[in-house]
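Counting convention: from 1, in listed order, for ligands and their atoms alike. Because only heavy atoms are used, hydrogens play no part in the values below, and waters and symmetry mates are left out as well, while side chains stay in. Residue numbers start at 1 and run along the sequence shown.
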Amino acid sequence: MRRSFVFSSAVLAMLLVGCAMPGNASSAKEPPSEHGFAAWVAVFYEKAKDAGVSAATLNTALADIQLNTQVLERDAYQPEFVKPVWGYLATAVSDTRVRNGRAKFAQHSALLKKIAAEYEVSAPLLVAIWGLETAYGATFGGFNVVEALATLGYAGRRTEFWQQELLAALRIIDQGDIAASQMIGSWAGAMGHTQFMPSSYQARAIDYDQDGKRDIWGSYGDVFASTANFMQRAGWRQDESWGAAVALPADFDWALADRSVAKTVDEWAALGVKPRQGKSLPSSESEASILLPAGHKGPAFLVLPNFRAIMRYNNSTAYALAISLLSDRIAGGGKQRFRWPTDQQALTRDQRTELQSLLTAKGFDTQGVDGILGANSRKALRAWQLKTGLVPDAFATLEQLQRLRLSP
Ligand code: CA
């Protein structure tokens, strides 16, 4: 819930336009400064007080904070190069993370199984989230959450959002759950072992050990129960899996491989979709989609509603796939080797933007040119691929960009 619980694509889109919003110090005449920050904190102090936060909490939590330039640098960072999905998975589901996950699962087995049963979720799922968010508690991010959120609330790319999170953080301190000095998290304010944003904490955190504090920094019971509660409320179905890797038939209609296309598992089986391992596809009464994270030259996955539930934690298919594969390994599953199209270069941000411009100019409207290939861009790309006689897998490649440049 670190980065991308914050950075759901909708939020990311808002972050990108954030500099045009009113009340944003970075678009004001003066650049962010210690002096400007102190003045802003003084105003926010009154707002928080009016919103019901006690003076005692405000005096402690806001006393020693400073403008954190490291936070602003992270907020402004827009990488030109993005890791391809296979590179991300190699790190996210590394042998080390699997081994450590199995050790942590064994160490906390009784507590994890008890909590998973109570909240009707999967115990290996909880361990996988823990493993991907903070390497099983190895690092919470190291930032003072109040300072980070105040810095972003003053001069970040989407001040209103950060100010709401800052207010939630102050309320948590006010409730006595954690001292301001102990409230440690990421640069973006995601806190504790499984990186809850303050607003998610307020909605989902659980005092499982009943000591009066919802301690997601120090109590394993609170950490696991809070994460389990989040996943239960996100719609996790205990009697189903996330899905499975599948093999597609040679005559598969690639246009069906899209998250917007849902069919029952039986319907996919009738179309020739087969399990990659084992004898049968995962059983589910619900609708499933086919996911091609690296296009038609890469592996295919049948994803069930639980996959979407994982995306509520972090709105990224690569993240959800990593959690899915890691939880399977932590549960004892063997290593699956996938054939990724590693010869394909991932498009840079400039190239993605160019792709969107070219598609739109040729009548395949991407509904905006922002360098982010979301559902609208994939739809436009697929339509162009179909018209051009290419495999309509909606996966952008450099080869296709070059073809678009040359076509009239
Ligand atoms: Ca507690």
Side-chain angles (χ1 to χ4, degrees), residues 1-2 5-6 48 52-54 56-58 60-61 100-101 103-149 164-186 188-234 236 238 309 312-314 323 330:
M1 212 171 314
R2 60 180 201 282
F5 183 68
V6 181
V53 181
S54 74
T57 289
L58 292 170
T60 313
N100 291 344
K104 289 289 180 186
F105 190 19
Q107 188 187 341
H108 301 283
S109 170
L111 183 62
L112 280 161
K113 285 177 179 168
K114 185 165 179 277
I115 287 172
E118 281 177 39
Y119 287 90
E120 302 181 316
V121 297
S122 139
L125 168 78
L126 301 178
V127 183
I129 292 172
W130 187 23
L132 216 52
E133 293 296 339
T134 61
Y136 313 104
T139 172
F140 296 164
F143 287 87
N144 172 322
V145 166
V146 171
E147 178 171 287
L149 291 174
Q164 288 304 315
E165 292 296 336
L166 174 58
L167 190 60
L170 292 169
R171 288 202 166 108
I172 293 164
I173 296 164
D174 215 21
Q175 289 153 13
D177 283 305
I178 186 93
S181 59
Q182 306 289 305
M183 189 181 247
I184 303 301
S186 75
M191 312 182 298
H193 279 271
T194 51
Q195 301 278 278
F196 273 50
M197 288 302 291
S199 58
S200 307
Y201 176 104
Q202 288 291 62
R204 300 287 184 260
I206 299 284
D207 176 18
Y208 188 77
D209 61 15
Q210 297 186 308
D211 69 345
K213 298 173 195 298
R214 298 183 287 172
D215 183 3
I216 59 169
W217 298 264
S219 160
Y220 288 119
D222 291 7
V223 170
F224 301 150
S226 299
T227 311
N229 184 42
F230 187 101
M231 290 312 300
Q232 183 187 45
R233 301 283 287 271
W236 186 266
Q238 196 180 20
R312 297 278 294 276
Y313 209 91
N314 184 330
I323 292 288
I330 289 169

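- The two residues Leu112 and Ala123 have their closest heavy-atom pair at O-CB, 4.0 Å.
- Side chains of Trp130 and His108 form a contact here, defined as non-hydrogen atoms less than 4.5 Å apart.
- A salt bridge between Arg214 and Asp222 is absent, with no side-chain N of the basic residue lying under 4.0 Å from a carboxylate O of the acidic one.
- If you take CD1 on Ile115 and CD1 on Ile206, they are separated by 10.0 Å, rounding to the nearest 0.5 Å.
- One side chain, Tyr208 or Glu118, offers a donor N or O that lies under 3.5 Å from an acceptor on the other.
- Legend: protein N/O/S atoms lying under 3.0 Å from the Ca ion (ligand 1), waters omitted, number 5.
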- Task: Check the pair Ile129, Tyr313 against side-chain contact (heavy atoms from CB on, under 4.5 Å), reporting the backbone distance first and the verdict last.
- Result: CA-CA 9 Å; Ile129 292 172; Tyr313 209 91; 3.6 Å; yes

